[in-house]
Each structure stands twice: as C-alpha cells, then as structure tokens.
Number of protein chains: 2
Amino acid sequence: MANGQENSGDSGNTPDTSGVPVTVRTLADLARLAGVSTGTVSRALAGKALVNTETRERIQALAREHGFRPNQMASKLRSKRTGVVGIVIPLGHEKRQHISDPFFLTLLGWLADELTESGYDVMLSRALPDGTSDWLERVTGSGMVDGVLLIGQSDQFEVIEAVARHYRPLVAWGAYSEGQTHCAVGTDNIEGGRIAAEHLIASGARKLAFMGEIKGIEIDERWRGASAAAAKAGIPIVHIPISLASEEMGAQIAEAAKSADFTIDGIVAASDLIAMNVLHCLHEKGRAVPGDVQVIGFDDLPLASLTMPPLTTIRQEIGSGAKAMVERLRERLEGAPAGSLKMPPRLVVRETTKAV
Amino acid sequence: MANGQENSGDSGNTPDTSGVPVTVRTLADLARLAGVSTGTVSRALAGKALVNTETRERIQALAREHGFRPNQMASKLRSKRTGVVGIVIPLGHEKRQHISDPFFLTLLGWLADELTESGYDVMLSRALPDGTSDWLERVTGSGMVDGVLLIGQSDQFEVIEAVARHYRPLVAWGAYSEGQTHCAVGTDNIEGGRIAAEHLIASGARKLAFMGEIKGIEIDERWRGASAAAAKAGIPIVHIPISLASEEMGAQIAEAAKSADFTIDGIVAASDLIAMNVLHCLHEKGRAVPGDVQVIGFDDLPLASLTMPPLTTIRQEIGSGAKAMVERLRERLEGAPAGSLKMPPRLVVRETTKAV
DNA sequence: CCGCCAATTACAATCGTTTGAAAGTTTAAG
DNA sequence: CTTAAACTTTCAAACGATTGTAATTGGCGG
C-alpha cells in the first residue's frame, strides 16, 4: 500500500459515503471509490480474467450503481480500435442533395442492422463530391472509423479506386469489373438489363425505351445490358434520361411523356421507383398496362408488389447483399483479402408485362 | 532552440528528404518535417490567427502534400467536443428487428442531411430495448456524441423521460403532452386521427375500422383521435392491430380481411404503408375503392400519390420536422431551453375517398 | 543602447483510457 | 522452511491531439 490513495480506514471517517452524491465520471473516480487502481478498474469493467472475480464483481456493481460508463473517445484513442464503421453515400451525380432513393435507404437499414449485430457502431456520412476528391479520404483518414462501407459508386469510380489502393477495409455496393481494385458487392446489372429487355421482347414488345439517368455506373450497365439485348433481337430502344431523385422524377417523366413516341410498347425502368412513376403517368395518359405498354422495373422493393397492376421487375437481393458486404468488411479488417461479389439478378414476373 | 528536435542543418545531411516516402501520421511527424512544434502545427491546421501567415500556409501545404489528417479521436478527447450527433431508432414494440418503416427511413435521411449541413457527423444506433432500459444511456453516456436525436418514441416513453431529466441535448420525433420533460417534435396525432375519421364520415362512411398496432404512443394517439371523432358522430369504429413492420404487414392484413366484417365502409390506416397494403388487399378481394370502401392513410409519403387510386391521406411535414429537430438540438447544445413543437396535420384529399 | 510591446513559437500539462512490466501475495511443491 | 509458480494489483508509459503559459525574437520609441 504505497501512497495514501486507498481508502484505508474507509468507513471510519465519513459515516456513509452513499449520502454524498459523488459524480463518478472517470475511471479514476471509480477507482478511488473502490479503493483500487485505475488499471484494475479498467480490466474489471472489460471483464478480463486478470482481476479477482470478487473484485471484478464489486467494481462492476459500483459502476452500475453510479451509472458509470467509460469515455469512448479515450478508450478508442488508446486502443486504436474504434468499433465504428463508416457508411457513406456518394451523391456525385445528383445535384439535389437529399438522400431519398428508397433502395439505398433500405440497404442502409440492412447494413445498419448487420453491423449492430456484429457489435459495430455506425457513422453515417452523406458525401457530395463537389469538385474535391477527398470526400472519401476525409472519412477513411479521420481515425474515426475502422472501415468504410460505400452505398453506391455514383460517378466516383476513380476516386474510390484511388483510395482502395492504399486503404483495405473498404467495401462498396455497386458494380465490379475485371481489374477493379476496390471490393464491390452488387448485382450483375448488365445481365439484369439484358433479362429485362429480353423479357419485354419475349412478351411481344417491339419498340423499347430505357428510362433513367446513366451517369452512375450501375444504371449505365443496366442500359448497356438492355440495349445489347435489343440490338441482338433487332428491336429499337431509346434512352430517356430521368433523374433518380424522386422529387424531380415525376415532373421529368411527365415531360418526357408529352413529347413521347406513342409507338413505344415496352419500358425498361432503371429502378422500381421510376417504374412506379411511369405507371402512374401512363394511367393518367389513359394508356393500358400491359395492354398498350409493358413495363418492367429494377430492384423489387417491397412496394413493387403493391402497385396497380403489380410490377414485373428484376430483383436485387438486398438483404443478403448487405450481409455479404459486412462479411467482406470484417474479413478485410482481419487482414484477409476478401474479393468482390456479383450476384445474379432474378426476373420476378407480375402483371405489368404480358404472359407469353 | 532547446533540445535537438528541430531539423537544424536540415538539408545538409540528407540530400533530399522527398526521396524518402516518410509516412506522416501524427502532428509530431508533421512538426518534425516542418521544423516547428506540434502546438504550432495544431494551430496552423486549425487556421488560427496566432501563427504567422507564412508558416501556416507552409504547414497546410505540407499536410496536404502528405495527405495528413489529424486523428479525430485524440482531437475530440482533448477538446471535449465530438461534433457528432447520435440518431437512435428505438424498436421497442417491434420484435422484428429490421428498420424498414419508410417514414422513419425518410426522416433519417432528412436528419442526416440537416446535420451534415450544420457540420455534424452522424452516429446511427438502432436500439432494441430488450428488457434493459439503458439502451439510451448507452448512447448519451458514451462520450461519443454531443447530443442525441430520437426517431420515434416507441413504447419507451418513461425511459426517455428519465434520461431527459438529466441529459439536455436530446430531441425526439414523436408525441408531446402536458408536463412532458423531453423535447419532442411531431405532428398533432390526435388531431390527425380526428381529421381522418371526420373526413371519412363526412364523405359517407358509416362503419369504420382503424388499422394499426397501438403500442407506440403516436399511433395510439391517432387511434384516440379517430375513435373520439367516431364516437362524437355516433359511428361505430373497430381497432384492428396490424404490425408496422412491412414484412408481416401484408399477411396480417390478408388475415384480418378473411374474418373481416364486410359492412365496414371506411378505413383509417395508421400509416401510408398500411394503407397501401390495404388498397392492394381490397383490390384482390374485388372491393371497389372508394366505391365500396373508403381509405385514408397517414404520413403523405412521396409514394402516396402514386397508388391506384391515389391515396387520400394526412400529411406530416417531415422535412420541416427534421429541420425543427436539428434546430432545437443546436439550441440545447448552446444551453438554450428549446421547447417542444406540435405541428398541425393536413388533410390531403386524393381519390381513395369520395368527393363530398 | 535599453526597455517594452507585439508577434510568434516552444513547452508542457491535460483529456480518460488501456496495457506491458514490475511488484506483491498466496498457494503449492520440494 | 525455501523457492517457484500462479494470481492479483499497482505503476507508469503510451494514444495523438489541444491549449494556457512561458520564452524568444524583432521592431520601435526614447
């Protein structure tokens, strides 16, 4: 018992410590109260076997009683493990800065669930890469997160590649192609676009349109898949750029409809949300679905089955996608070289396309 | 010039420092490189006026060149300001742990936007209060966040009240009633429920049903408003509990429809999502909307206008709600005693109810 | 030439934990 | 009774920044 820090002769001086509402803010406070050193308290609270069981329980009880919780900042600083994963949503190609895409929002929900389950905290950053290319490094280099999950690649492919070259614990939702450095989990969008167009053609469509802004890689791939399928079948297909942000979408589609070619009888929508707007617009114009025009969406959001008529669409496995992303991130955090994953899209036939 | 830490006789020994790829990880590294003390580097990077303009620019350039970014953990620990706001979604009454409610997800999006705009980082926690009541204190007491935003109150009203009594920077989305300690921003749900029921009655409904689980306070208020209005008009109304989680919702509604009283001609749905499911179910049963049954939703999600027929609903101002929440949180962070806000709901008449 | 003031910069304490090493204590074995 | 081994606990050095205070420098008026 070295220097007078312990409560020797404890209950002798002060009749009852519980009368004084001591505010226990730090490990040191608690240590004084328990008559041990901060080191012991630290280990006791962490549940380490190094401290005597009885001591440990006494300290834990004391901590609970005073509602003490160790300062995370200090803890994380010292241990160099933050237990936090950053989720960032790059909003490169959307001027409108609001996160509204239901697919991304749903993915976010799943990712948050997966991460929480694995004991990670989630730090959310919506990043709008306005010219500067350090939006990603601002997160990876902040020392705030152990790893980063990217919801979409937007038009920032190169930036992501550059960061991935020296920052391992990074996994993106999105496209993967040969020779790509960064780890990506996503649907085979080319294949998805192809399947969509082929289905439309197989069920009788003879003049197609693809609706959706193709600045983002994923959507661009869907377009390429669809147009390739159309070309192969000798069917014409036009591209109609529609913003992915829901606010402008409705107006843009209405606008497009005005000057539209009314001989179009098959529409590949870049997302379910676009498809739903298209359906609505078509109904207002008095065009029958799938009688006059057939429509196919992309994503298979839970909502897709609720439209009138229920939406035929290309399903993306969002739940297992989220799981795969988190899995890969964890592997990478442990130093393993987890690779990309391209999941097969699946055609879900409902009633906006004709039965063959 | 005290002890040999500076690069005196700098370029004498090593011919060119740029040849060596020194990895600059800490302030000290950068300080050595710049030949100044860490204190100066810190102030230089923070852009403080205390350092010479020329020095400051030199240091900033050096930092940029080496991609140096100060460790946030250390910074936050020392300055006791984290610049992080926690957003937590209490999932008390939903066993199904997945965040799926589109209203909450949308609110989350708006909050994240508002906070980012104000220079805050966002820490996301989905909390499922499984018996323990410290789910909130785990966030407020972690030292990780400056303040907390709650997305909904679930059935955890008392827990929130308890925390709010000693933790000021806390703002919740949800219900407010006389004498409540914690700051809440939300819609007047009783009024909303009342308006919904009244509208149905005014347009001819004579036998009502309210669909939605009322364990959460907000939904309960809607139910109370609706049933009060029905009672006042002498119209019967039944309560049909439907889970708010989208997965089970469809099945539950179908189940309810089976044993349903087919004389019901007006449905108040607790949310737009429920309304959409109801619409779908009704269509399958071959019942006409609004001919046989009228339906009114709650929220006015962007999707509400896309249903067939377009959904009559009670609008919640989610965007300005988010803004109000962040505003109040900021005031509270500055010590001001920001109070609650109850926003008026607004009836949005579309086509699932009959014209009067 | 001296002293004083302003402008810079260096020094050193601090934020609250974690953790390796050292120091004490028991207990068990020889 | 001695010594080693196994347990516990304390000590003190990090972790990487921020910031009040002291020290240095140069300029300027007297």
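Order of the sequence lines fixes the chain letters, A, B, ..., with proteins taken first and strands second; residue numbering starts at 1 for each chain. Just so you know, these numbers come straight off a predicted model, no measurement behind them.
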How many whole angstroms separate atom [atom1] of [X] from atom [atom2] of [N]?
| X | N | atom1 | atom2 | result |
| --- | --- | --- | --- | --- |
| Leu50(B) | dT21(D) | CG | P | 13 Å |
| Arg32(A) | dT17(C) | CZ | P | 12 Å |
| Met73(A) | dG16(C) | CE | P | 13 Å |
| Arg81(B) | dT14(C) | CZ | C1' | 19 Å |
| Gln72(B) | dG16(D) | CD | C1' | 12 Å |
| Arg56(B) | dT9(C) | CZ | C1' | 14 Å |
| Leu27(B) | dT19(D) | CG | P | 12 Å |
| Leu30(A) | dT18(C) | CG | C1' | 15 Å |

Between [options], which nucleotide gets closest to the side-chain atoms of [X]?
| X | options | value |
| --- | --- | --- |
| Lys48(A) | dG16(D), dT19(C), dA10(C) | dT19(C) |
| Leu77(A) | dT9(C), dT18(C), dG16(C) | dG16(C) |
| Val36(A) | dT10(D), dA17(D), dT18(C) | dT10(D) |
| Lys80(A) | dT17(C), dC15(C), dG16(D) | dG16(D) |

**Q.** Ion pair Arg138(B)/Asp134(B), N-O distance below 4.0 Å
**A.**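 Counted as a salt bridge, because a side-chain N and a carboxylate O are separated by less than 4.0 Å.
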Q.
Between the base of dT17(C) and the side chain of Arg78(A), is one N or O donor paired with an acceptor at under 3.5 angstrom?
A.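 In this structure, the two groups form no donor-acceptor pair.
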Q | Quiz item: Arg43(A) side-chain donor-acceptor pair to dG20(C) base, under 3.5 Å | A |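 Such a pair exists between side chain and base.
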**Q.** Nearest-nucleotide 5' precedence on DNA chain C, Thr55(B) against Asn71(A)
**A.**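 It is Thr55(B), whose closest nucleotide lies nearer the 5' terminus.
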Q. For dT18(C), does either OP1 or OP2 sit under 4.0 Å from a side-chain N or O belonging to Ser79(A)?
A.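 So the side chain of Ser79(A) is outside the cut-off, no N or O lying under 4.0 Å from OP1 or OP2 of dT18(C).
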Q: Look at Lys76(B) and dT18(D) and indicate whether a side-chain polar atom (N or O) is within less than 4.0 Å of OP1 or OP2.
A: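 No.
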Which part of the nucleic acid does [X] contact within heavy-atom distance under 4.0 Å: base, sugar-phosphate only, or nothing?
| X | answer |
| --- | --- |
| Thr40(A) | base |
| Ser37(A) | base |
| Ser42(A) | base |

Q) Stepwise, does the side chain to side chain contact (heavy atoms under 4.5 Å, CB included) test hold for Leu149(A) with Trp173(A)? A) CA-CA 8 Å; Leu149(A) 254 25; Trp173(A) 172 273; over 6 Å; no
(Q) Quiz question: by atom type and distance under 3.5 Å, do the side chains of Ser142(A) and Gln72(B) form a donor-acceptor pair? (A)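 No, no side-chain donor-acceptor contact under 3.5 Å.
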Q: Decide yes or no for Ile87(A) and Leu111(A): does some side-chain heavy atom of the first lie under 4.5 Å from some side-chain heavy atom of the second?
A: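 Touching, per the 4.5 Å side-chain cut-off.
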Q) Do side-chain atoms of Thr82(A) reach the backbone of Val84(A) as a donor and acceptor pair under 3.5 angstrom? A)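 Yes; at least one donor-acceptor contact below 3.5 Å.
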Q: State, to the nearest 10°, the angle formed by the axis through the first five base pairs of the helix from dC1(C)-dG30(D) to dG30(C)-dC1(D) and the axis through its last five.
A: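 Taking five pairs per end, the axes differ by 60°.
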Q | For the student: nearest non-hydrogen atoms of Ala112(A) and Val122(A), plus distance | A |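 Looking at all heavy atoms of both residues, the shortest contact is CA-CG2, 4.2 Å.
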**Q.** Pair His182(B) and Phe157(B), ring centroids less than 6.0 Å apart
**A.**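 Between Phe157(B) and His182(B), which both carry aromatic rings, the centre distance is below 6.0 Å.
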Review item, side-chain donor-acceptor pairs of residues 43-62 of chain A, under 3.5 Å, at least two apart:
residue  : atom : partner  : partner atom : Å
Asn52(A) : OD1  : Glu54(A) : N            : 2.7
Arg58(A) : NH1  : Ala34(A) : O            : 3.1
Gln60(A) : NE2  : Ala44(A) : O            : 3.2

